[in-house]
Structures are given as structure tokens and as C-alpha cells.
Amino acid sequence: MSSSAPSSVRVRFAPSPTGFLHIGGLRTALYNYLFAKRHGGSFILRIEDTDQARFVEGAEEDIVRSLAWCGIEVDESPLHGGEAGPYRQSERKKRYMEAAMQLINADVAYYAFDTAEEIETMRERLKASGNPSPSYDSITRQSMKNSLTLPSEEVQKRLEAGDPYVIRLKVPRRESVQFTDIIRGVVTFETKGLDDQVLMKSDGMPTYHLANVVDDHDMGVTHVIRGEEWLSSAPKHILLYNYFGWEPPTMAHLPLIMSPSGGKLSKRKAEQEGIPVNTRDYIDGNYEPEALVNFLAYLGWSPGDDSEIHSMDELIDLFSLEKVSKAGAVFNYKKLMWYNEHYLREQSDDTIVQRLLDLPAAKTLSGVTQEALTACMPLLKERITRIDEFFEMGAFFFEDPTSYDEKGMAKVGDSASAMIHALHQALEQHPSDELDAEAYKSWLQDTADAQGVGLGKVMLPTRLAISGAGFGPDLTPSLAFLGKKTVLRRLQTAMNHWA
RNA sequence: GCCGCGUUCGUCUAGUGGUUAGGACGCCGCCCUUUCACGGCGGUAGCACGGGUUCGAAUCCCGUACGCGGUACCA
């Protein structure tokens, strides 16, 4: 890129299609997106499919769908196109070999012919002699089969014969590599701790390290924003930029998302702790995307004030990498639920009703109509965390209860049956067939008075009889919603049950 | 082991030499109330440790401990 005009910000989210989009990956994507939009730049999606063995069918589609669901708009990608394409690394194969050759010609990379077994043998040998983590490096490469140790005729012969080989980075023996990370400041590594990283694999594919450097350069990426797990390999990337004669992009290594029990939030751990880990789990689980986005944005970042609730546009306005924290952040599911409730309640009744109608439960319950849902919406809206809980908590609005909560039953005790009997009788004799909430209230009050008990003594049995649960939405409006016929039927059923 | 990064209430965080260390989630209590929620009010709880530097350190420096990441022809 030319250094004259201030080049506009270009960032990339570069997942490998080895599985569904993980919540940690989503946050990385989000931070990239927020940063790009904050600076009026571009957000690129690049698929890093250089590992043929771990490729998962459908993963790319999952990534695209997940980002879209969250409201993260991609500017360039395999699907959206763009001038810096192709955006799938498997489609850029030629370019990597070309780049690797450039390095070989500059004598900063070399061919290596060692088999996996030979490398293993070397490791065993060194381990036996007291080296706890032997690696293919500036020392050990001298005793291995590579273009640095083999006569050039033999190297030529092997290449022509089609012998399998890899291309390795010739990491200098004693050098200090330094770069400035926006989040961590100056980071320094000594090259003696680095190994001769494989750049081109024997299957002709590049490794992440080569591909990411070449692509970031070719695509004009200005800022590399990625997880902290990449920090250790950053010096290798810096070395590569130097050897290519390219200006390295600005680096920012994000803190990891941790499991409540400690350690990186892995799929396994998350499942154990009841945390949905793939974005698709949130889509399928009917969570609010705005909640996930807001929650994730604040997991490792804060605008510096006491605010908590922000839309995507506000987050874009507020975001800055300098304010990203350095330490790992534990995933707090309850806080996510708090956000979810917030964004759910923020929606109009009409919006929620429409969404409810599209849920599978709307089809399995009888009598679910737009009118019915609209009528009981105010009764349930404040009581649910996720939208689909509406049908769990509100099932009794549509179907008779099939069982009665034990705790509730224990609470009303033996008097329940007699109370229900009196209630039933009073309602049956009630002159009106269309009682409103107020009328039901009077019915309950009058019956309680006649029985010489408090209102509470009649409410719980009634609630249990009509809903099966010991708690729930306001009772009298619920009764009004159900209607006299249904209420009488349920009271009758309860009477039979409890006798 | 080695290399790197980190460490403020249980959790997410504000804080950049002088604050009664602030907010949020959670938890607890009270109010509201026909239950459960919602809402309102209040409470609980924190600067990992040890040395410096300084009139003064959560804030700066060094060390220790602990945690995390990396240490692949995976990303």
C-alpha cells in the first residue's frame, strides 16, 4: 500500500471452516466489525480452509448465517465478492507457493524432506538427552534432511523426483523481534525460542502462518485483530513481513473468553457448564441477537463509563481497541440472560406476537391465534427470559393442565377439595357468562368470605386447578382470558382429581 | 520445562499518584402486590502478595505467587 494517502481501515475475520461459529470467534468478528465501522473501513470475511483434514461441510454457511443473524454486515467475502478476492484460501494456492519461492530465493526459507517419523526420532533423541521441548530450529536443522544440509544436486534430484517436502522458515539464531500491540503495548520475543515454522505443507497447502501474512498483505489489511492464542506466533509473522519487505499491519490481540471453571471456553467445558457455545445454538434457542451482541461487546471491553445497554450503532460509535481489557473474561450466562430479558421486553407486543406465531410450539398447541396471543401477552411478557418460554409458562392458556404442582398442593392441604367445590358451585350459579377480571375477583372474594377465609386461601387452589402451577401470571385476568366454560371444566377436573 | 501475556467485589468492569475505590449481573433484605415475575429502594462483597519510588500509591518500578495462552506438515 502506498504510504501517501491515509489508507482506510481494512480488517478481516478469518475463521477456519472446521466447525460451527464459536461464541469466541463471534466476539472476535464483532470487535473487528465495530472497529472497521468506527473508522469507516471495511470488514472482510476470509475463509481459512488450508487444513483439508479438519474441513467440515456446511461450516462456511454457518459462519455467514451466524454473522448475519447478529447484524454484522460483511463487506467482502466469498459470497459478497470484492476486489481482493478470492476470499477462500484454498482458491489462492498458487499465490502461496509463489510467495514461498520468494523466501527460498532470498535464503530465508528452505526445503525440508524429513518424514514425520524422522522428526519424531529427533524429538525422542533430544528429549532423552534432557531437552523438554525439542523443536526443528536453527540448531536441530543442521542434522536434518533439508536444503541447508543436503548437497544442492540431491535437493534438485529430490524435487524433480517429486519427493514429498515442506518449506520451512529459516528463523535466525539470535535476534530480537518486537512489535507494538494496541492492547498490550510493546511485546518482545527472542528468535531462539521460535522453531523453523513450516510454511508450505507437503500437500501443497500453506500453513496458517504463511497464508495469513500473504493474504493480509495482498488484501490490504491494516489491522489484525484476533484472539490472544495467536500472540505467541505473532513474531513469526513479523519475521515474514520483514522478509517479504512488507509493512506489517497493526496488531491487536484480544483477551480470551474463559469458562466459569477456568481456562479457555472450549466446546466441551461450555457444554458441561450449560453454556451454549455455538452461535447457532443461540439462533435455534430463540435468543435475542441484540442481547448476544451487547453482552459479547462488553465481555472484554467497556466504553469507560457506567453504560450497559447499547445498540449496534451505538457500539460502533463507542468502540475503541485501546479500551479492550488485557485479561481473560469469564462468560457469565446469567448476565447474558439479563440482556436477553431487556431486549425482549423492549419489543412491542405486536412484534413478539408475530415472532411467536412462527415458533413450532404455536402449531402444536391448540387455539393459538394472533388475537389470543395478543390478549395474554401482557400477562407473560414480564415473566419470561427467552421468547419461547412464553409457550411453556403460558401453555395453560391453551390446554388444560395434566398435572398439579406438588409443592402447591402441599401448601393448600386437605382443604383444597372443599374449597374448589364451593368455588365451582358459586361460579356455576353466577348470573353472568361473560365475567371480566373484576368479576372473577369478586367471585373469589365472595367465596372466600362465605367460607370464612382470606383471599389467599381461595386463590392458590384456583390457580392450581386452572394452570396446574403454584405460581404464574395474574390470576383474575387469566381467568377472564380462559372464559367461564373452561374455568368450570378445569375446576371440575380438579375436584375429581383431588377428592 | 521454556517462551509470552495477565491479576480491582463471586462474575463483567470504571479507575492512568491524592476517590468514603464507582457501575452492572448475581445474591440478600425491604417496598409494591392475590402468587410468581416486573419495577423501586437498600445491603453484601474487591485493589493477589512482598519490596521499593513518592509527602502520598489500585495506579510507577522490581520480585514472588497464581492464572491463562503457546510450544504441530491445526487454525
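Values reported hereafter were calculated over all heavy atoms of this structure, with side chains retained and with hydrogens, waters and symmetry mates removed. Chain letters run A, B, ... following the sequence lines, proteins first and then strands; every chain starts at 1. Here the structure is a predicted model, which means the values were calculated and not measured.
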Exercise for the section: Look at the rings of A:Tyr208 and A:Trp230 and say which category their plane angle falls in: under 30° parallel, 30 to 60° tilted, over 60° perpendicular. Expected result: parallel
Handout entry: Phosphate contact (B:A75 OP1 or OP2) by A:Lys201 side-chain N/O below 4.0 Å
Key = yes
Practice task
Please find out if less than 6.0 Å separates the ring center of A:Tyr110 from that of A:Tyr165.
Solution key: no
Problem - Polar side-chain atom of A:Asn294 near backbone of A:Tyr339 as donor-acceptor pair, under 3.5 Å - result: no
Exercise for the section: Sticking with atom P, work out how far B:C5 lies from B:C62, rounded to a whole angstrom. Expected result: 12 Å
Problem - Short side-chain donor-acceptor distance under 3.5 Å, A:Asp305 and A:Ser307 - result: yes
Practice task
May I ask you to decide if the ring planes of A:His310 and A:Tyr298 are parallel, tilted or perpendicular, using 30° and 60° as cut-offs?
Solution key: parallel
Problem - Main-chain N/O of A:Arg226 paired to A:Thr28 side chain as donor or acceptor, under 3.5 Å - result: no
Handout entry: Check: A:Gln142 side chain, A:Ser138 main-chain N or O, donor-acceptor pair, under 3.5 Å
Key = yes
Handout entry: Distance below 4.0 Å between A:Ser307 side-chain N/O and B:G23 OP1 or OP2
Key = no
Completion exercise
Quick note, A:Glu308 side chain, CB onward, closest among B:G23, B:C5, B:A75 is B:G23
Exercise for the section: Scan side-chain atoms only and decide if A:Tyr111 and A:Asp163 contain a donor-acceptor pair under the 3.5 Å cut-off. Expected result: no
Exercise for the section: Considering just the side-chain nitrogens and oxygens of A:Arg168, establish if one lies under 4.0 Å of OP1 or OP2 belonging to B:C73. Expected result: yes
Handout entry: A:Lys335 side-chain proximity, nearest of B:U34, B:C25, B:C38
Key = B:C25
Practice task
Check whether any side-chain N or O of A:Lys457 sits under 4.0 Å from OP1 or OP2 of B:U34, and answer yes or no.
Solution key: no
Problem - Proximity to RNA chain B (any heavy atom under 4.0 Å), residues of residues 468-479 of chain A only - result: A:Gly470, A:Phe471, A:Gly472, A:Pro473, A:Asp474, A:Leu475, A:Thr476
Practice task
Examine the base of B:C38 for any acceptor or donor lying under 3.5 Å from a partner atom in the side chain of A:Arg383, and report the outcome as yes or no.
Solution key: no
Problem - Separation between the P atoms of B:G4 and B:C38, rounded to whole Å - result: 49 Å
Exercise for the section: Report yes if a donor N or O on one partner sits less than 3.5 Å from an acceptor N or O on the other, where the partners are the side chain of A:Ser202 and the base of B:C73; otherwise report no. Expected result: yes
Problem - P spacing across the pair B:U7 / B:C60, given as an integer number of angstrom - result: 10 Å
Practice task
Side chain of A:Phe189 only, please: which of B:C73, B:C3, B:U11 is the nearest?
Solution key: B:C3
Practice task
Evaluate the ring planes of A:His209 and A:His237, with Trp represented by its six-membered ring, and classify them as parallel (under 30°), tilted (30 to 60°) or perpendicular (over 60°).
Solution key: tilted
Exercise for the section: Would you indicate which nucleotide in B:C5, B:G69, B:U13 comes nearest to any side-chain atom of A:Arg184? Expected result: B:C5
Exercise for the section: Would you please say whether a donor-acceptor pair under 3.5 Å links the side chains of A:Gln89 and A:Asp215? Expected result: yes
Practice task
Would you mind telling me which residue lines up with the more 5' stretch of RNA chain B, A:Ile119 or A:Gly328, judged by nearest nucleotide?
Solution key: A:Gly328
Completion exercise
Atom CG of A:Leu296 and atom P of B:C25 are separated, to the nearest Å, by 18 Å
Handout entry: Pairwise P distance for B:G42 and B:U35, with rounding to whole Å
Key = 24 Å
Exercise for the section: Kindly indicate whether the side chain of A:Ser233 and the base of B:G70 share any N or O donor-acceptor pair separated by less than 3.5 Å? Expected result: no
Exercise for the section: Under 4.0 Å from any atom of RNA chain B, heavy atoms only: list the residues of residues 120-146 of chain A that qualify, in numerical order. Expected result: A:Pro132, A:Ser133
